[in-house]
There are 2 protein chains.
Amino acid sequence: MTLPSTYADRNCSLARALEVVGERWTLLIVRDAFFGVRRFGDFATQLKIPRAVLADRLKLLVREGVLSREEGPAVEYRLTPKGVELWPVVRAMMTWGDAFYSPGGAPRSIRHDHDGGLLDPGGRCERCGEPVPVAETRVEPGPGFDAADEGHDPVSDAINTPRRLLDPIG
Amino acid sequence: MTLPSTYADRNCSLARALEVVGERWTLLIVRDAFFGVRRFGDFATQLKIPRAVLADRLKLLVREGVLSREEGPAVEYRLTPKGVELWPVVRAMMTWGDAFYSPGGAPRSIRHDHDGGLLDPGGRCERCGEPVPVAETRVEPGPGFDAADEGHDPVSDAINTPRRLLDPIG
DNA sequence: CGTGCTGGTTCGGTGACTGAACCACAACGT
DNA sequence: ACGTTGTGGTTCAGTCACCGAACCAGCACG
């Protein structure tokens, strides 16, 4: 954490992880990165996060090696291998949110791109039974998707079309 | 979240989950509950969290049905079935912390109580290959455990002895 | 040589977190 | 009857982080 006093419990990996991805907004930024968002402005409009906070979080994530900052014709933030390893965390939390806060079903379905099978709680494809690596994972609007969210901005619309994880939007 | 402005992204289960368990300290409280902590004072001393914040978080978690507040001879906070479903989230984050912030190995090992097999990233027992339910999960100090943490307080010591999840301390 | 786009920074106001002190109640001892 | 201890909190002043809006610098394009 950026906070002067960090979590005291030095013997728990959870506390150490939370110091990196435990602050408000951080995990949502990582999630958007999985969904193909790479640009500062796109994170800002999609998450409606104050730009100062976004700048802080991106700096922290780059410093911690979760994202890399690529200066091309435009600046791009991409998940590093260390960042990609956060997928089980993001997926576990989405699964829990689906189970208890989405009475109409998951707003987003996560599937094995090769055979279209849904992922089970353990992260395996229910069709072929294999663990599904991030690069073979597809996300698409699920049964609980609220169509009222469409058309507000191009970034959200891009995210809401079926796509493989990490594929850039646009 | 308690914050007046919640996360805007209504179509993501991650955002909804973070409004419940995304605040500072909340997930550490849940972790301690898995490790058998049940009393207000024990949470406070183990986590060194300000008591006002602890009271707030416990209220929120009870209101959201993650913990139940049992008034016996002493007040006890216990994980509900909904709270127990957070185990994959806690485990995923501990796994990530282990991988990138514990050069000496995991400070805590998570095993299948029946056969002593370690858990793989997907939550299955590496020995018998089966998914390990929470009640059959044992936690014990791992290769990266820092013994300097011992003897500070009885609650930490209780947590650091091998034990099954959810078994009360003391 | 203006105009817009992008990737930020600055700044005042608000609200959350911190740490320490305080409080109410119950059990226990003497 | 009365103090003591333990437990589960609440109160409070100070600090720090977050919020939203405005501003700014560099660059590309016409």
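Just so we're clear, the structure is a prediction, and the values are computed from it rather than from any experiment. Chain A is the first sequence line, chain B the second, and so forth, proteins listed ahead of strands; every chain is numbered from 1.
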- Item | B/Arg24 vs C/dT18: side-chain N/O to OP1/OP2 distance below 4.0 Å | yes

- Message: Between B/Arg69 and D/dG9, is there a contact of a side-chain N or O with OP1 or OP2 at under 4.0 Å?
- Response: yes

- Item | The single option from A/Arg108, A/Arg163, A/Arg111 passing salt bridge (Lys or Arg N to Asp or Glu O under 4.0 Å) against A/Glu140 | A/Arg111

- Check the pair B/Arg39 / B/Ile169 against side-chain contact (heavy atoms from CB on, under 4.5 Å), numbers first and verdict last. CA-CA 10 Å; B/Arg39 307 274 292 274; B/Ile169 63 178; over 6 Å; no

- Query: Which whole-number value in Å describes the distance from B/Leu54 CG to D/dT7 P?
  - Reply: 14 Å

- Query: Is the distance from OP1 or OP2 of D/dT10 to the nearest side-chain N or O of B/Arg51 less than 4.0 Å?
  - Reply: no

- Task: Please state whether the phosphate of C/dT9, meaning OP1 or OP2, lies under 4.0 angstrom from any side-chain nitrogen or oxygen of A/Lys59.
- Result: yes

- Task: Would you mind telling me which of D/dT7, D/dC18, C/dG7 lies closest to the side-chain atoms of A/Val53?
- Result: D/dC18

- Side-chain N or O of A/Trp25 less than 4.0 angstrom from OP1 or OP2 on D/dC19? yes

- Note on the structure: Among D/dG8, C/dC17, C/dG7, the one nearest any side-chain atom of B/Ala74 is D/dG8

- Treat each ILVMFWY residue as a node, draw an edge where side-chain heavy atoms are under 4.5 Å apart, and state whether B/Phe35 and B/Leu118 are in one component. no

- Query: Expressed in angstrom and rounded to an integer, what is the separation of A/Lys48 atom NZ from D/dG20 atom P?
  - Reply: 11 Å

- With heavy atoms under 4.0 Å as the rule, sort B/Ala52 into base, sugar-phosphate or nothing. base

- Query: Rounding to a whole Å, what distance do you find between A/Phe40:CZ and D/dG26:P?
  - Reply: 17 Å

- Item | Interatomic distance where CD belongs to A/Glu70 and P belongs to C/dG7 [whole Å] | 13 Å

- Query: What is the distance from CD1 of A/Ile49 to P of C/dG8, rounded to the nearest Å?
  - Reply: 13 Å

- Query: Has A/Tyr77 got a side-chain N or O lying under 4.0 Å from the OP1 or OP2 atom of C/dT6?
  - Reply: no

- Of the listed nucleotides C/dT6, C/dT10, D/dG8, the one nearest the side chain of B/Arg39: D/dG8

- Message: Please determine whether side-chain contact (heavy atoms from CB on, under 4.5 Å) holds for the pair A/Tyr77 and A/Arg38, giving the CA-CA distance in whole Å, both sets of side-chain angles, and the decisive distance to 0.1 Å.
- Response: CA-CA 5 Å; A/Tyr77 294 93; A/Arg38 291 181 173 182; 5.6 Å; no

- Which atom pair, heavy atoms only, marks the closest approach of A/Pro133 to A/Pro131? CD-O, 3.4 Å

- Task: Starting from P on D/dA17, measure out to CD on A/Glu19 and report it in whole angstrom.
- Result: 14 Å

- Options C/dT6, D/dG20, D/dG9, nucleotide nearest the side-chain atoms of B/Val75: D/dG9

- Task: Take the protein atom CG of A/Leu61 and the nucleotide atom P of C/dG8, then report the distance between them rounded to whole Å.
- Result: 13 Å

- Separation of C/dG19 P from B/Leu47 CG (nearest whole Å): 13 Å

